[in-house]
Amino acid sequence: MGEKLKVARAADIPEGGAITVAAAGKQVALFKVAGKVTAIDNVCAHRGGPLAEGFIQGTHVTCPWHGWTYDVATGASTMNPNIKQACFAVTVEGEDVFLTT
């Protein structure tokens, strides 16, 4: 099992939005959809675009650079079933958001 790291406060993540945090040497996108916080690798598999800066619709984020789309909970590409972003376990304790890396 990985290390549990405090990376943000829940209030820092806008509902229906995302922020970028650094954890274990990686850039991670934290999303809040319907009050639930999820985390995937922030670097798009296509050309490295910043997913946290993408367009979020429902449970999907579209990379702002070239339009690749991912599920924010599973990291799965909606365009290519063979591509998946790394996902991170998220826990929210009080107002603190933790990732397990």
Side-chain angles (χ1 to χ4, degrees):
M1 182 137 179
E3 182 179 4
K4 185 175 176 181
L5 304 168
K6 179 182 172 186
V7 293
R9 295 187 49 78
D12 295 339
I13 312 164
E15 178 60 43
I19 63 170
T20 304
V21 298
K26 301 176 186 192
Q27 292 295 307
V28 177
L30 294 179
F31 298 92
K32 188 188 291 180
V33 177
K36 180 177 169 70
V37 179
T38 60
I40 63 173
D41 187 340
N42 189 49
V43 180
C44 180
H46 176 238
R47 290 277 185 141
L51 294 178
E53 295 176 22
F55 175 71
I56 301 166
Q57 185 171 14
T59 61
H60 295 98
V61 61
T62 301
C63 179
W65 287 6
H66 300 106
W68 282 39
T69 305
Y70 301 90
D71 185 296
V72 301
T74 67
S77 168
T78 61
M79 302 167 70
N80 183 335
N82 297 317
I83 296 175
K84 185 175 183 211
Q85 295 296 97
C87 292
F88 302 89
V90 176
T91 54
V92 178
E93 298 175 10
E95 274 297 306
D96 296 327
V97 178
F98 295 87
L99 291 184
T100 301
T101 58

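There is a path of hydrophobic side-chain contacts, each under 4.5 Å, that joins M79 to I40. In the hydrophobic clustering of this structure, V90 does not group with V72; members are Ile, Leu, Val, Met, Phe, Trp, Tyr whose side-chain heavy atoms approach within less than 4.5 Å, directly or through other members. Linking ILVMFWY side-chain heavy atoms closer than 4.5 Å, directly or via other members, places V7 and F88 in a single hydrophobic cluster. Following chains of ILVMFWY side-chain contacts shorter than 4.5 Å, one cannot reach F98 starting from V28, and the two form parts of different hydrophobic clusters.
The two residues P64 and P50 make their nearest non-hydrogen contact at CD-O, 3.4 Å. Here the closest non-hydrogen pair linking G75 and C87 is N-SG, 3.6 Å. The minimum heavy-atom distance between L5 and A23, with the atom names listed, is CD1-CB, 4.1 Å. Nearest heavy atoms, I83 versus A45: CG2-CB, 3.7 Å. Residues A8 and V21 share a closest heavy-atom pair of CB-CG1, 4.5 Å. When all heavy atoms are compared, the tightest approach of A22 to Q27 is CB-NE2, 3.8 Å.
By the 4.5 Å heavy-atom criterion applied to side chains, T38 and L30 are not counted as neighbours.
Residues in residues 46-68 take part in these side-chain hydrogen bond (donor to acceptor under 3.5 Å, both in side chains) pairs, two or more places apart or across chains: H46-H66, T62-T69. Note on residues 86-101: pairs passing salt bridge (charged side-chain N to carboxylate O under 4.0 Å, His left out), not counting sequence neighbours, are K4-E93, K6-D96, R9-D96. Listed by first and then second residue, the salt bridge (charged side-chain N to carboxylate O under 4.0 Å, His left out) pairs that reach into residues 27-44 come to none, sequence neighbours excluded.
Of the possible polar contacts, none joining the Y70 side chain to the C44 backbone as a donor-acceptor pair under 3.5 Å is found. Of the possible donor and acceptor atoms, none in the side chain of Q85 sits under 3.5 Å from a partner among the backbone N and O of N42.
Once rounded to the nearest 0.5 Å, the distance linking CD1 of I19 with CD1 of I13 reads 4.5 Å.
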